[in-house]
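In what follows, chains are A, B, ... by sequence order, proteins preceding strands, each numbered from 1.
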Amino acid sequence: MFDAVIRNLPYLMGGFGVTLELTSCALSGGIILGMLVGLGRISRVKWIYYPVTVYVNFVRNMPLILVIFWFYFVMPILVGRPLNPFVSSVIAFIIFEATYFGEIFRAGYQSISRDLINASFSTGMTYSQTARYILIPIAFKRMLPSLITQSIVTFQDTSLAFVIGLQEFVRRTSIVDNLEFRSIELFSFVAIIFFIFCFIGSKISLHFEEKGRRTGVL
Amino acid sequence: MIEINNISKWFGDFKVLTDIKEVVERGQTVVICGPSGSGKSTLLRCVNGLEPYQKGEIIVDGISLSDPKTNLYNLRQKIGMVFQRFELYPHLPVLRNISLAPMKVLKKSKKEAEKKAKELLDRVGIPEKADEYPANLSGGQQQRVAIARSLAMEPDYMMFDEPTSALDPEMINEVLEVMIDLAKEGMTMLVVTHEMGFAREVANEIIFMDEGKIVERGSDEEFFTNPKSERTKAFLSQILV
């Protein structure tokens, strides 16, 4: 019964490839920018803290689809030339996801008590030794489950790039559907693929969460 | 020798320490007591440069902490500190908690640092916990690991910030015993605690602080039986039930 899927498999999986590409660009950019956003959110320097906080609050209160539209339709007017859908979605996703990753990093940094850092200092360790052996490993272990969960959400969200015509997985499926009229099979196939990836991801996140709890790091 | 020369400290507009003066000679144990918020912990943190102060001077072995040329990281190697809530590194096993600083700061080999760490675990009475994570230890055991972690740096001074206040009553003694042994072996100690039994047994001097000031100091039984100020009397009558 999945013959419509099998007939169009290379084309569909090509779309899935675009989805994976968009996800990895969005994640690497979003996580790197997110680390900086997280640092900005705990900064005591006012001209860093306030702009970053305004950015985070503004973007987190926008629907993602609006951010995608904005970069696709408004940016070309500002830049003076059209952007291709892939580049414009990558920028939109990085800007959007960085605010979520930023809050995860902020919480991770803030979860480490002042006295734990003092304990390290009191044994003569320097700031960079403390960051390397104490702060970053603990923060990373505590954040890992949330980082994985947010990465899954990002992976799911990429299908929204559909709306600006990016030929990712869902878009290509709908193109095939327009030719084949086999909506049930085609969209079930997409659902199954998304489910498998996200389910495995959430299990990995759970594994790290339980491991963290067992060893008392969380 | 630790010399605290009339230091004062403010948190913003709030004055937490006022003209604190104290000398801790080598081999002495000084106990600091007083109600919460009286500045005891802040004073300890000033002594190893974890908190800045705005007036006066603290001199450790002739080195001034407020001198911008002083390398605080070097200075802290000789001042161990034990915290109320243990503050063990939760992501590292017990042995590694103890051997980390000797390896990274003193550049000892892993073998040497771990040998020393095992000796110290023996000394605080929990050699069997070397490979456990801190979360699997009781509070009393965690605090003894924290003491071992400080001792691994072979400090000349040890500071304790309410080391038994976060412990269940039945675990207080196992920690105090380790501290009493240390004091008797001649370690120079600055201890914030309300354990007056400990103070009676090993303290060379007891200081009572209130509202950021030293209200009273004494060196013998007189401090407990016949305190001079009303404030000290009231405080002692509450904790010496």
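- Heavy atoms of B:M81 lying under 4.5 Å from chain A belong to its backbone as well as its side chain.
- With a 4.5 Å cut-off on non-hydrogen atoms, A:S120 touches chain B through its backbone and its side chain both.
- Classification of A:E103 and A:R60 as a salt-bridged pair fails, no side-chain N sitting under 4.0 Å from a carboxylate O.
- For chain A, no part of B:L106 is nearby; none of its heavy atoms comes within less than 4.5 Å.
- In this structure, the portion of B:Y133 lying under 4.5 Å from any heavy atom of chain A is its side chain and not its backbone.
- A cation-pi arrangement is absent between A:R44 and A:Y49 under the rule of less than 6.0 angstrom and at most 45 degrees off the ring axis.
- For B:R45, the part lying near chain A is the side chain, with the backbone staying farther off; criterion is any non-hydrogen pair under 4.5 Å.
- A:T19 and A:T158 are not linked by any side-chain donor-acceptor pair at a separation below 3.5 angstrom, with hydrogens and angles left out of the test.
- Remark: A:R214 does not engage A:E210 in a salt bridge, criterion side-chain N to carboxylate O under 4.0 Å.
- Figure legend: cation-pi geometry between B:R96 and B:Y89 absent, as NZ or CZ is not positioned both under 6.0 Å from the six-membered ring centre and within 45° of its axis.
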